[in-house]
Amino acid sequence: MLKGKTALVTGGSRGIGRAICLELGRNGASVAFVYAGNEEKAKETLTLLAELGVTAKAYRCDVADFTATQQLVKDVTDDFGGVDILVNNAGITRDNLVMRMSENEFDEVVSVNLKGAFNLIRHTSAGFLRKRAGRIVNITSDAGLMGNPGQANYSAAKAGMVGLTKSVAKELGSRGITCNAVAPGFIHTDMTAAMNAQILETAQQLIPLKRLGEPEDVAKAVAFLCSDGAAYITGQVICVDGGLRM
Ligand code: NAI
């Protein structure tokens, strides 16, 4: 389905990003993924991709750094011959109540989640335009659509990604390039493992499907948006949240 395509996935060393790398690889894509610093976890993802027979390479890069991401896209283009699919998945949280939130907690979250997605889109878009094809998927969050106490920074960044997605979809649509967002709800990853157990239990009660999601649930939606079958879908936000937000 994605044979001959190269996917660039940010935050591929673990969690949802790793599941996306594996799912795109299973669908035939070669995979270049970015990670922040955990060499061990990046190697684990590479091993899992190798077991599937997927051509893959890991790149250590801070997505918040405009110049470093420019070099990253050059390196991936040199190594793989171009980028056909971009998945902006890298994300962080620095939770705090807004009245206690430091400037740094706000800036860091916006820089990684929102500016990181802009940086990658900015540096890959010329290649997409030349090919008159491309798929961009931004991983936002239910928090960006509903808000979440203690996550003003994260919710603002994720809401910003929705505006980014829709603007990019309108700018690049005439060249056959789609840009969509996927909004996970509560998914079993290191990010949710760090959350208060009581909050997760309460959330589970509110989820119509009565369970937390798995990284693979999100990865399947991303793979669909990258497939030929999704050629007429752009500017959309697909919630993968067990029905939490409807
Ligand atoms: P995670 O914390 O397990 O993994 C985050 C990944 O992002 C790691 O691979 C890390 O290396 C990378 N990363 C972090 N900062 C980076 C930077 N500055 N530069 C490059 N890479 C960086 O996170 P998880 O749970 O897998 O989440 C993935 C995405 O899904 C995030 O954007 C998150 O906001 C979003 N999401 C997660 C939900 C959940 O329940 N786990 C719910 C809604 C959205």
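Every number for a ligand or one of its atoms is a count from 1 in the order of the listing. One is the number of the first residue; the rest follow in order along the sequence.
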Is the closest heavy atom of Ala42 to ligand 1 under 4.0 Å?
no
Where is the nearest protein heavy atom to atom 11 (O) of ligand 1: which residue, which atom, and how far?
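Looking only at protein heavy atoms, the one closest to atom 11 (O) of ligand 1 is Ala36 N, 3.1 Å.
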Give the numbers and elements of all ligand 1 atoms closer than 4.0 Å to a heavy atom of Ser141.
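Those qualifying, in numeric order: 43 (C), 44 (C).
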The protein heavy atom nearest to atom 9 (O) of ligand 1 is Ser13 OG, 2.8 Å
Ile16, any N or O under 3.5 Å of ligand 1 N or O
yes
Please identify which atoms of ligand 1 are closer than 4.0 Å to at least one heavy atom of Phe186.
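In order of numbering, the contacting atoms are 40 (O).
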Under a 4.0 Å threshold between the charged nitrogen and the carboxylate oxygen, would Asp84 count as salt-bridged to Arg135?
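Between Asp84 and Arg135 there is no salt bridge, as every charged N stays at least 4.0 Å from the carboxylate O atoms.
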Atom 20 (C) of ligand 1: which protein heavy atom is closest, and how many Å away?
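Heavy-atom neighbour on the protein nearest atom 20 (C) of ligand 1: Cys61 O, 3.1 Å.
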Could Asp142 and Arg245 be called an ion pair, given the rule that one side-chain N must be under 4.0 Å from one carboxylate O?
no
To the nearest 0.5 angstrom, please state how far the CG atom of Leu206 sits from the CD atom of Gln204.
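Leu206 CG to Gln204 CD: 10.5 Å, rounded to 0.5 Å.
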Going by heavy atoms in the side chains, are Thr47 and Glu51 under 4.5 Å from each other?
yes
Do Leu120 and Val63 touch side chain to side chain, with heavy atoms closer than 4.5 Å?
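With C-beta onward as the side chain, the pair touches.
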Does any non-hydrogen side-chain atom of Leu8 lie less than 4.5 Å from one of Val34?
yes
Is any side-chain heavy atom of Lys57 closer than 4.5 Å to a side-chain heavy atom of Phe33?
no
Which atoms from ligand 1 have a heavy atom of Ala90 less than 4.0 Å away?
7 (O), 13 (N), 21 (N), 22 (C), 32 (O)
Please report whether ligand 1 has a polar contact with Gly11, defined as an N or O pair separated by less than 3.5 Å (distance criterion only).
yes
Separation between OG1 of Thr45 and CD of Glu40, rounded to the nearest 0.5 Å
11.5 Å
Only heavy atoms of Gly15, strictly under 4.0 Å: list the atoms of ligand 1 that pass.
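Near Gly15, meaning under 4.0 Å from one of its heavy atoms, ligand 1 has 26 (O).
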Work out whether the distance between some heavy atom of Gly185 and some atom of ligand 1 is less than 4.0 Å.
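Per 4.0 Å heavy-atom rule, Gly185 contacts ligand 1.
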Test: Glu44 and Arg18 ion pair at under 4.0 Å
yes
Heavy atoms, side chains only, cut-off 4.5 Å: are Pro184 and Ile139 in contact?
yes
Among protein heavy atoms, which lies nearest atom 3 (O) of ligand 1, and at what distance?
Arg14 NE, 2.9 Å
Of the options Asn138, Thr140, Asn88, Thr234, which is the one that meets Thr165 in a side-chain hydrogen bond (donor to acceptor under 3.5 Å, both in side chains)?
Asn138
Heavy atom to atom 44 (C) of ligand 1, shortest distance: which of Thr140, Ile139, Thr10, Asn38 holds it?
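Heavy atom nearest to atom 44 (C) of ligand 1 belongs to Thr140.
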Tell me the protein heavy atom at minimum distance from atom 15 (N) of ligand 1, and give that distance in Å.
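Result: Ile92 CG2, 3.5 Å.
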Return the closest protein heavy atom for atom 24 (P) of ligand 1 as residue, atom name and distance.
Thr189 OG1, 3.8 Å
Scan side-chain atoms only and decide if Asn180 and Gln236 contain a donor-acceptor pair under the 3.5 Å cut-off.
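No, because no side-chain N or O of Asn180 sits under 3.5 Å from a partner of the opposite role on Gln236.
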Asn88 to ligand 1, any heavy atom closer than 4.0 Å:
no
Among all protein heavy atoms, pick out the one at the shortest distance from atom 31 (C) of ligand 1; state its residue, atom name and that distance to 0.1 Å.
Asn89 O, 3.1 Å
Is Lys41 in contact with ligand 1, taking contact as a heavy-atom separation below 4.0 Å?
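Flag not set, Lys41 not near ligand 1.
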Where is the nearest protein heavy atom to atom 19 (N) of ligand 1: which residue, which atom, and how far?
Val63 N, 3.0 Å
State plainly whether the residues Asp190 and Lys41 are in salt-bridge range, i.e. N to O under 4.0 Å.
no
Please state which part of Lys158 comes within less than 4.0 Å of ligand 1, counting heavy atoms only: side chain, backbone, both or neither.
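Under 4.0 Å from ligand 1, Lys158 contributes side-chain atoms alone.
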The atoms of ligand 1 lying under 4.0 Å from a heavy atom of Tyr154, numbered in the order shown, are 33 (C), 34 (O), 35 (C), 36 (N), 43 (C), 44 (C)
For Gly91, counting its heavy atoms only, list the atoms of ligand 1 lying under 4.0 Å from any of them.
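This gives 5 (C), 7 (O), 14 (C), 31 (C), 32 (O) as the contact atoms.
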Assess whether a salt bridge exists between Arg26 and Glu23, defined as any Lys/Arg side-chain N lying under 4.0 Å from an Asp/Glu carboxylate O.
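A salt bridge links Arg26 with Glu23.
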Should you measure from each heavy atom of Asp62, which atoms of ligand 1 turn up under 4.0 Å away?
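Listed by number with element: 17 (C), 18 (N), 19 (N).
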Any heavy atom of Val112 sitting closer than 4.0 Å to ligand 1?
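Yes, Val112 has heavy atoms under 4.0 Å from ligand 1.
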